[in-house]
Structures are given as structure tokens and as C-alpha cells.
Amino acid sequence: MDRVANVDDKRLYRAPALEKGLDILELLSAEESPLTVSAIVNRLGRSTGELFRMIQVLEHRGYVTQGPDGYVITSRLFHLGLKRPPVRSLMEQALPEMRLLSDRIGQSCYLAIASGAASSVIARMEADTTVGFSVRVGYRRPMHETPSGILLYACQPEAIRREWEAMFDPPLSEQALSELRVEADAMRAQGFAQAESVELLGMVELAAPIMRGSRACAVLTVPFVRIIDAVAGEDEVLAELCDAAKQVSEQLIGGDLRV
């Protein structure tokens with residue numbers, strides 16, 4: 001390994017091949033559409049010779065896959081992340097409570113954790129009803145764009161909040177950031193999120209934090225759909241949701257704070 005000559009780079013060593021692979025994964029993870037080899041080469045500003053073999057290795061190891069329109073990232077990295085002990089412990093405690101919750105309220109629910117400056121769904125539970133709404137596992141959304149994401153941001157120490165704010169892409173304006181902080185403080189004070197969905201008419205996003213120590217390690221959310229003959233009303237569902245999140249939190253007290 002070579003020492004880094006650039007004094008502005010804080011790393012002592014470089015691993016060029018590894019960095020190329022990570023560049024490819026980071027690029028594909030941010031794309032909604034497949035990318036061809038030439039598109040990847042152009043986006044990363046490297047030669048085909050530099051990247052072609054790296055793409056082949058990533059495909060062989062299952063991190064990317066090729067379709068008729070190009071390469072896309074697979075869920076392999078996501079599932080590796082779920083194997084981390086703190087995440088695995090969280091899911092082990094949360095899933096039974098999520099099943100009980102869905103059975104009681106007749107609505108689906110899902111569990112999301114922070115992933116950079118976004119929230120990512122790591123588990124969901126379907127309701128045993130003919131009508132409902134669910135969010136797929138792996139769904140990722142910028143934290144400041146959803147009530148549940150804002151709640152996750154709200155229930156963090158100030159240092160973590162500032163760290164996440166620096167990762168917003170694109171960055172928020174000073175006014176937008178100020179408004180986010182005010183909304184987050186109000187949400188933290190009430191202890192839950194309750195807001196009309198910006199994506200679907202007739203749906204309300206209800207969310208409660210799962211606390212591990214002094215911070216939220218996850219958010220439990222019910223995408224409450226207003227349907228005729230619902231098993232439970234909105235207020236009742238919110239109360240049940242908060243109770244379920246509290247039950248999971250109590251099982252995690254004193255546990256690992258890394259999630």
C-alpha cells in the first residue's frame with residue numbers, strides 16, 4: 001500500500017482496487033435505472049480497463065447484477081447489514097410485537113432505521129385483511145421527507161442531528177433546516193408522529209420511536225389507511241402503536257447503542 005501524498009487526505013493508506021469497487025457500488029445505489037458499463041465509466045471518470053474486471057467480480061460475488069438495460073445493485077449489502085448483532089437483536093425483539101400489533105389493529109406496520117441521512121425499512125408485517133397498504137423491505141427515503149424519518153431525526157442527541165444534517169443531499173437551505181428543527185422538536189415533545197401522507201390520499205402516517213438508551217434506534221410506523229369497517233380507528237391505532245414501540249424499547253434498554 002502506498003502512502004497518500006496529498007496532505008488534505010487524512011487517510012494514511014490507499015487501496016485503489018477496493019476504492020474502485022466502492023465507487024461502483026455507491027454509484028449504482030443512487031441510481032433508479034440500470035447503468036451500462038460505458039455509463040459507469042463515464043460517471044466515474046475512469047477507463048473501461050480500470051472498471052470492467054471490477055464490475056465482473058462484483059457481479060460474480062452477487063453485489064451487482066446485469067439486466068437487458070445494464071447493471072443494478074442487488075440487496076446483498078442490505079442483507080449483510082441486517083446480520084449485524086445490534087440490528088439482528090432489534091428485529092428479534094420487534095417482529096413478535098409487530099405481528100401482535102398488526103393483528104390487533106388490522107393494518108400493516110414496518111420498522112425503519114437510519115441509513116446515512118435516510119431511513120431504510122428493515123422489516124414489515126402485513127395485516128390479515130383484504131385491503132391494506134405495505135412498504136417493501138429495503139425502501140429508502142431521505143430522512144427529512146417523511147414524518148417517520150423526521151421522528152427518527154428528532155429523537156437523537158444534538159451531535160447526531162448535526163452529523164445527519166451535514167449528509168443531506170442536496171443540502172437544505174438555512175430556512176428549510178430551521179423549519180425541520182422546529183418540527184422535530186415539536187414531534188419529540190409529543191412522542192410520536194401523526195401526519196397525512198404526502199404520497200397517498202386517505203392514508204395517515206403514524207410513527208413511534210423505539211428507544212435504545214437515550215436515542216431512537218428505529219421507528220415503528222403504521223401507514224394507516226382510512227377504510228370502511230376498519231378494525232380500529234386512527235386514535236386507537238396510534239395508542240396501540242405507541243404501546244408496541246414502548247414494549248420493544250423496554251426489551252432493548254441497556255443494549256448496544258450502535259444501531
Side-chain angles (χ1 to χ4, degrees), residues 1-91 111-123 135-146 149 152-153 156 159-172 217-218 256-259:
M1 296 183 184
D2 298 328
R3 281 190 168 275
V4 177
N6 186 350
V7 294
D8 292 329
D9 193 331
K10 295 181 180 179
R11 294 170 299 174
L12 291 177
Y13 300 100
R14 293 179 64 93
L18 175 59
E19 291 184 349
K20 291 172 190 175
L22 293 174
D23 286 344
I24 293 168
L25 292 175
E26 290 176 355
L27 173 64
L28 291 178
S29 70
E31 293 294 320
E32 295 183 359
S33 303
L35 293 180
T36 62
V37 172
S38 59
I40 295 172
V41 167
N42 290 333
R43 294 283 190 89
L44 295 179
R46 296 181 181 272
S47 68
T48 302
E50 284 183 285
L51 298 183
F52 181 74
R53 282 193 298 173
M54 187 62 62
I55 294 171
Q56 296 301 304
V57 171
L58 290 172
E59 183 178 20
H60 176 71
R61 296 294 295 268
Y63 290 98
V64 305
T65 186
Q66 184 180 23
D69 299 319
Y71 287 91
V72 296
I73 193 167
T74 68
S75 60
R76 181 168 173 76
L77 277 174
F78 175 77
H79 289 294
L80 285 176
L82 295 185
K83 293 180 180 179
R84 293 177 55 229
V87 178
R88 189 169 65 244
S89 173
L90 169 64
M91 293 179 65
L111 185 70
I113 64 174
S115 175
S119 60
S120 293
V121 177
I122 62 170
V135 178
R136 64 176 173 81
V137 172
Y139 179 73
R140 194 169 183 267
R141 187 80 181 271
M143 197 172 294
H144 59 280
E145 293 185 0
T146 66
L152 185 57
Y153 160 88
Q156 303 297 325
I160 299 296
R161 281 199 194 187
R162 295 296 180 262
E163 181 181 320
W164 288 355
E165 290 170 3
M167 291 189 286
F168 289 153
D169 185 21
L172 296 185
C217 64
D256 196 321
L257 292 173
R258 291 175 294 171
V259 175

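Positions are given from 1 along the sequence. Heavy-atom basis, side chains included; hydrogens, waters and symmetry copies ignored.
In terms of heavy atoms, Ile40 sits closest to Ile24 at CG2-CG1, 4.3 Å. Heavy atoms only, all atoms of each residue included: Ser47 and Val41 are closest at C-CG1, 3.9 Å. The shortest non-hydrogen separation linking Ala117 to Trp164 is CB-O, 3.8 Å. Heavy atoms only, all atoms of each residue included: Ile113 and Cys217 are closest at CG2-O, 3.5 Å. The heavy-atom pair separating Ala218 from Leu90 by the smallest distance is CB-CD2, 3.8 Å. When every heavy atom of Val137 is checked against every heavy atom of Ala123, the shortest pair comes out as CG2-CA, 4.0 Å.
A donor-acceptor pair under 3.5 Å is formed between the side chain of Thr146 and the backbone N or O of Gly149.
Legend: residues meeting side chain to side chain donor-acceptor pair (under 3.5 Å) with Glu163, ordered by chain and number and at least two apart, are absent. Residues passing the side chain to side chain donor-acceptor pair (under 3.5 Å) test with Thr48: none are found, sequence neighbours excluded. For the side chain to side chain contact (heavy atoms under 4.5 Å, CB included) test, residues two or more places apart in sequence or in another chain that qualify with Pro142 are His144, Glu145. Under the side chain to side chain donor-acceptor pair (under 3.5 Å) criterion, Thr65 pairs with no residue, sequence neighbours left out. With sequence neighbours excluded, the residues forming a side chain to side chain donor-acceptor pair (under 3.5 Å) with Gln56 are Tyr71, listed by chain and number. Contacts of Arg162 classified as side chain to side chain contact (heavy atoms under 4.5 Å, CB included), with partners at least two apart in sequence or in another chain: Tyr153, Glu158, Glu165, Arg181. For Arg53, there are no side chain to side chain contact (heavy atoms under 4.5 Å, CB included) partners two or more places apart in sequence or in a different chain. A search for side chain to side chain contact (heavy atoms under 4.5 Å, CB included) contacts involving Ala17 returns Met54, not counting sequence neighbours.
No side-chain heavy atom of Leu58 sits less than 4.5 Å from a side-chain heavy atom of Leu28. In this structure the side chain of Val64 reaches within 4.5 angstrom of the side chain of Leu25, judged on heavy atoms.
Rounded to the nearest 0.5 Å, atoms CG (Leu152) and CE (Met143) are 5.0 Å apart. Taking CG of Leu27 as the start and CG of Leu35 as the end, the distance is 5.5 Å to the nearest 0.5 Å.
Counting only residues at least two apart or in different chains, salt bridge (Lys or Arg N to Asp or Glu O under 4.0 Å) contacts with residues 43-52 comprise Lys20-Glu50, Asp23-Arg46, Glu31-Arg43, Arg46-Glu50.
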